[in-house]
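Read through the structure below, which is laid out as structure tokens, and then see the notes.
We use all heavy atoms of the structure for the numbers below, so side chains are in, but hydrogens, waters and symmetry mates are not.
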Amino acid sequence: LYVGRFNLDKGLDLIVKAVSRLKYKYDLELVAVGGLPHDPFFNYFMKKIKYSFTRTPFNKMILFYNAADMAVWFWREWRYGGPSIAMLEAMSCNVPVISNTLVHLHNRHLIEMSGFLPKAGDSLYNAISYVIDNIHSFKPRTVVEQHYSWNIIVEKTLRDYYSLWDGAR
């Protein structure tokens, strides 16, 4: 599963190439969700990806996440910090993630539980193969529950506010 605009920033073209090669080894399909008609490569990817969908309402995305075996993003350039909403939504549905933005989890154990962190020189082909071959060893939902649930976010925010309050006295 790929979620995002149909451009090259998140490596959609690299994902398409990797999946087309992997079809000789595995029974898999790429599903891409989120293209907009004004995206520079919209028409190209709509024709190239058999299961491609335009932007979908957030309340319908759960259908895609629950049907996915994995989610893949490969940022060419990291312009944003932290895990994306789409990545956390996929992980909440216990979908392993292949993304170089997993580095923002800041903990090797959390990264290994969540999916695969491709590094320079690693191909998406190898990363996707690894996740397919080890699909049951990942626990991305546990990572979200323990580090990104609303309760955890509220606790961390309150702790930060209290420390600021105590420091201001």
Side-chain angles (χ1 to χ4, degrees), residues 1-20 22-23 26-36 39 45-46 49-119 122-153 156:
L1 176 66
Y2 167 89
V3 176
R5 303 279 298 270
F6 288 11
N7 56 36
L8 304 182
D9 292 344
K10 296 179 189 175
L12 183 54
D13 57 322
L14 301 173
I15 297 165
V16 168
K17 286 178 191 171
V19 168
S20 68
L22 285 160
K23 285 184 179 189
Y26 303 101
D27 180 20
L28 78 156
E29 288 290 340
L30 172 61
V31 176
V33 182
L36 295 171
D39 289 343
F45 286 124
M46 288 296 284
I49 303 169
K50 183 177 180 180
Y51 300 101
S52 54
F53 302 88
T54 57
R55 181 173 278 172
T56 301
F58 293 114
N59 63 338
K60 302 283 188 212
M61 286 302 299
I62 188 123
L63 301 171
F64 290 100
Y65 292 125
N66 281 323
D69 291 317
M70 75 181 71
V72 184
W73 297 273
F74 189 78
W75 286 91
R76 284 189 155 76
E77 186 180 317
W78 296 350
R79 292 183 284 172
Y80 311 104
S84 69
I85 297 296
M87 187 170 96
L88 290 174
E89 288 175 339
M91 290 170 59
S92 294
C93 293
N94 214 35
V95 175
V97 170
I98 297 171
S99 176
N100 46 2
T101 59
L102 280 174
V103 72
H104 296 296
L105 297 182
H106 303 294
N107 178 305
R108 183 175 172 194
H109 179 67
L110 295 180
I111 292 168
E112 290 171 353
M113 285 178 63
S114 301
F116 190 87
L117 172 64
K119 296 179 176 68
D122 288 340
S123 72
L124 284 176
Y125 177 92
N126 292 335
I128 295 169
S129 291
Y130 177 81
V131 171
I132 290 171
D133 293 341
N134 298 282
I135 197 75
H136 298 293
S137 65
F138 304 104
K139 306 286 183 241
R141 183 174 177 85
T142 301
V143 173
V144 172
E145 288 172 341
Q146 294 176 354
H147 299 277
Y148 294 98
S149 69
W150 283 113
N151 289 341
I152 297 299
I153 291 170
K156 287 180 180 179

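For Tyr26, there are no ring-ring contact (aromatic ring centres under 6.0 Å, His included) partners two or more places apart in sequence or in a different chain. Under the rule for a ring-ring contact (aromatic ring centres under 6.0 Å, His included), Phe6 has no partner lying at least two apart in sequence or in another chain. In this view, Ile111 and Leu102, Leu105, Leu117 satisfy the side chain to side chain contact (heavy atoms under 4.5 Å, CB included) rule, not counting sequence neighbours. For Tyr130, the ring-ring contact (aromatic ring centres under 6.0 Å, His included) test picks out Phe116, with sequence neighbours left out. Residues satisfying the side chain to side chain contact (heavy atoms under 4.5 Å, CB included) test with Ser20, not counting sequence neighbours, are none. Taking Arg55 as the reference, nothing meets the side chain to side chain donor-acceptor pair (under 3.5 Å) condition, with sequence neighbours excluded. Residues forming a side chain to side chain contact (heavy atoms under 4.5 Å, CB included) with Lys23 (at least two apart in sequence, or on another chain): Val19, Leu28, Glu29. With sequence neighbours excluded, no residue satisfies side chain to side chain donor-acceptor pair (under 3.5 Å) with Lys156. Partners of Gln146 under the side chain to side chain donor-acceptor pair (under 3.5 Å) rule, at least two apart in sequence or in another chain, do not exist in this structure. For His109, the side chain to side chain contact (heavy atoms under 4.5 Å, CB included) partners two or more places apart in sequence, or in a different chain, are Asn107, Met113.
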Problem - Full working for side chain to side chain contact (heavy atoms under 4.5 Å, CB included) between Leu124 and Val72 - result: CA-CA 9 Å; Leu124 284 176; Val72 184; 4.3 Å; yes
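With contacts defined as side-chain heavy-atom distances shorter than 4.5 Å, the pair Asn100/Phe74 qualifies. The shortest side-chain heavy-atom distance between Phe64 and Thr56 falls under the 4.5 Å cut-off. Contact of the Val33 side chain with the Tyr2 side chain is not registered, since no non-hydrogen atoms from C-beta on lie closer than 4.5 Å. Here the side chains of Met70 and Leu1 are not in contact, with every heavy-atom distance at 4.5 Å or above. Looking only at side-chain heavy atoms (C-beta outward), Val16 and Leu30 come within less than 4.5 Å of each other. Side-chain contact between Ile15 and Lys10 is absent, with no heavy-atom pair separated by less than 4.5 Å.
By the neighbour-count criterion of 12 heavy atoms within 6.0 Å, atom CG of Asn59 is densely surrounded, having more than that number from other residues, nucleotides or ligands.
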Can you give me every donor-acceptor pair (side chain of residues 82-98, partner residue at least two apart or in another chain, under 3.5 Å) with its distance?
residue : atom : partner : partner atom : Å
Ser84   : OG   : Met87   : N            : 3.0
Glu89   : OE1  : Tyr65   : OH           : 3.0
Ser92   : OG   : Leu88   : O            : 2.8
Asn94   : OD1  : Arg141  : N            : 3.1

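Considering all non-hydrogen atoms of both residues, Ile152 and His147 come closest at CG2-O, 3.6 Å. Contact record, Ser99 with Thr101: OG-OG1, 2.6 Å, taken as the closest heavy-atom pair. Closest of all the heavy-atom pairs between Tyr125 and Ala18 is N-CB, 3.8 Å.
Panel note: side chain Trp73, backbone Val3; a donor-acceptor pair is recorded below 3.5 Å.
Applying the salt bridge (charged side-chain N to carboxylate O under 4.0 Å, His left out) test to every pair with at least one member in residues 103-116, sequence neighbours left out, gives these pairs: Arg108-Glu112.
Atom CZ of Phe45 and atom CG of Asp39 lie 10.0 Å apart (nearest 0.5 Å).
Using modelled atom types and a 3.5 Å distance limit, the side chains of Ser129 and Asn126 yield no donor-acceptor pair.
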